[in-house]
*Asks:* 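Pasting a structure below so you can have a look.
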Amino acid sequence: MLYSRFDGTRQQRVFFIAFSVSIALSLFGCGDSRPVNAAATAAAPASVDTSASHFTCLGVADESVKAVFPDVSLRDSSGRYSDGGYRRLDCSGEVRANGSADTTVFESLISRKSSAKSRENAYRGPGSERFNVQGAEGASGDVRVMENDRGVSSLITCGDAFVMVTLYADVAPMNGDIKKNAKNLALSMVPWTCNGEVIPGLGQPLSPSLVGESDSPSGSTATST
């Protein structure tokens, strides 16, 4: 059999190309059509279109929470104070996981500090990650992981008001990154927590603190989905 003097060079080139391709495939994959890991982004938006959203809980958009937990049922336990004002807005969300009883996966609290002293630092873990709060003068935010990685809480303070969002990670599947979700949910409530805007679902702004007021409202306006 006759061989051309170019055969060896051609074979070497083919071998080199095949070897290079195999290395590239092992490092980067080939034609991988898998989506980008959803956990790298937030499922919850950082702002809310109040005219296009539903508010089972005062100040909390149903669509934002359900973007994180699609099967969540929300319950509002906010109460009106004796003077007719609203200084503390409580919301919780539950899911039924693995056929068990309903379990809390989401909590939020919008409040004046004096009316919820015991709640502002509840369920907080050691350490925190600070983040900027745009559009609210003097506001600051941080995200903290709860002990045993049970979940994450996000706190934004501004003057004598604050909003705290807690997400529980060990109960049901969650869309998106838990820290970014908690941060964005809190940020979406800044307009009526910090800037005096009308609370969606209520029609009035967060009432100012009263000297000597009790820690609990006089009446509840509890609703649920």
*Asks:* Does a salt bridge link E129 with K179, judged by any charged N lying under 4.0 Å from a carboxylate O?
*Replies:* yes
*Asks:* Measuring from atom CE of M174 to atom CZ of F69, what distance do you get when rounded to the nearest 0.5 angstrom?
*Replies:* 3.5 Å
*Asks:* Checking T166 against M146 for the side-chain contact (heavy atoms from CB on, under 4.5 Å) test, could you report, in this order, the C-alpha distance in whole Å, the side-chain angles of both residues, the deciding distance, and whether it holds?
*Replies:* CA-CA 9 Å; T166 304; M146 297 191 300; 4.0 Å; yes
*Asks:* When you measure from the side chain of R112 to the backbone N and O of S207, does any donor-acceptor pair fall under 3.5 Å?
*Replies:* yes
*Asks:* Return the CG to CG distance between L185 and L167, rounded to the nearest 0.5 Å.
*Replies:* 6.0 Å
*Asks:* Is there a side-chain hydrogen bond (donor to acceptor under 3.5 Å, both in side chains) between D90 and S78? Walk through the geometry before answering.
*Replies:* CA-CA 5 Å; D90 289 272; S78 305; 5.4 Å; no
*Asks:* What's the spacing between S64 OG and K66 NZ if we round to 0.5 Å?
*Replies:* 11.5 Å
*Asks:* If you look at every heavy atom in G151 and I178, which pair is closest and at what distance?
*Replies:* CA-CD1, 4.1 Å
*Asks:* Could you walk me through whether L187 and V133 pass the side-chain contact (heavy atoms from CB on, under 4.5 Å) check?
*Replies:* CA-CA 7 Å; L187 285 171; V133 180; 4.1 Å; yes
*Asks:* Which heavy atom of V72 sits nearest a heavy atom of V95, and at what distance?
*Replies:* CA-CG1, 3.6 Å
*Asks:* Mark yes or no for whether N175, through its side chain, and A67, through its backbone, hold a donor-acceptor pair below 3.5 Å.
*Replies:* yes
*Asks:* So E107 and V165, side-chain contact (heavy atoms from CB on, under 4.5 Å) or not? Walk me through it.
*Replies:* CA-CA 6 Å; E107 289 181 327; V165 171; over 6 Å; no
*Asks:* Would you give the length of the straight line joining atom CD of Q204 to atom CG of L58, rounded to the nearest 0.5 angstrom?
*Replies:* 9.0 Å
*Asks:* On the ring face of Y168, is R150 found with NZ or CZ under 6.0 Å from the centre and within 45° of the axis?
*Replies:* no
*Asks:* Hey, does the side chain of N181 reach the backbone of A44 with a donor-acceptor pair shorter than 3.5 angstrom?
*Replies:* yes
*Asks:* Which one of V60, D76, L109, I110 satisfies the side-chain contact (heavy atoms from CB on, under 4.5 Å) criterion with L89?
*Replies:* I110
*Asks:* Check the pair E63 / H54 against side-chain contact (heavy atoms from CB on, under 4.5 Å), numbers first and verdict last.
*Replies:* CA-CA 7 Å; E63 292 79 0; H54 299 84; 2.6 Å; yes
*Asks:* Just list the side-chain donor-acceptor pairs under 3.5 Å for residues 190-202, sequence neighbours left out, or say none.
*Replies:*
residue: W192; atom: NE1; partner: G59; partner atom: O; Å: 3.1
residue: T193; atom: OG1; partner: M189; partner atom: O; Å: 2.8
residue: N195; atom: ND2; partner: G135; partner atom: O; Å: 3.0

*Asks:* Do the side chains of K113 and D160 get close enough for a salt bridge, i.e. N-O under 4.0 angstrom?
*Replies:* no
*Asks:* How long is the straight-line distance from CE of M164 back to OG1 of T157, given to the nearest 0.5 Å?
*Replies:* 12.0 Å
*Asks:* Do the side-chain N and O atoms of S47 and S188 include a donor-acceptor pair separated by under 3.5 angstrom?
*Replies:* no
*Asks:* For R144 and S154, indicate whether the former's side chain and the latter's backbone hold a donor-acceptor pair under 3.5 Å.
*Replies:* no
*Asks:* Could you measure the distance from the OG atom of S111 to the CZ atom of R87? Nearest 0.5 Å is fine.
*Replies:* 10.0 Å
*Asks:* Taking the side chain as everything from C-beta on, heavy atoms only, tell me whether C91 gets closer than 4.5 Å to F106.
*Replies:* yes
*Asks:* Quick one: does S73's side chain get under 4.5 Å of D102's, heavy atoms only?
*Replies:* no
*Asks:* Check whether any side-chain heavy atom of L74 sits under 4.5 Å from a side-chain heavy atom of F55, and report yes or no.
*Replies:* no
*Asks:* Less than 4.5 Å apart, any side-chain heavy atom of I156 and any of F162?
*Replies:* no
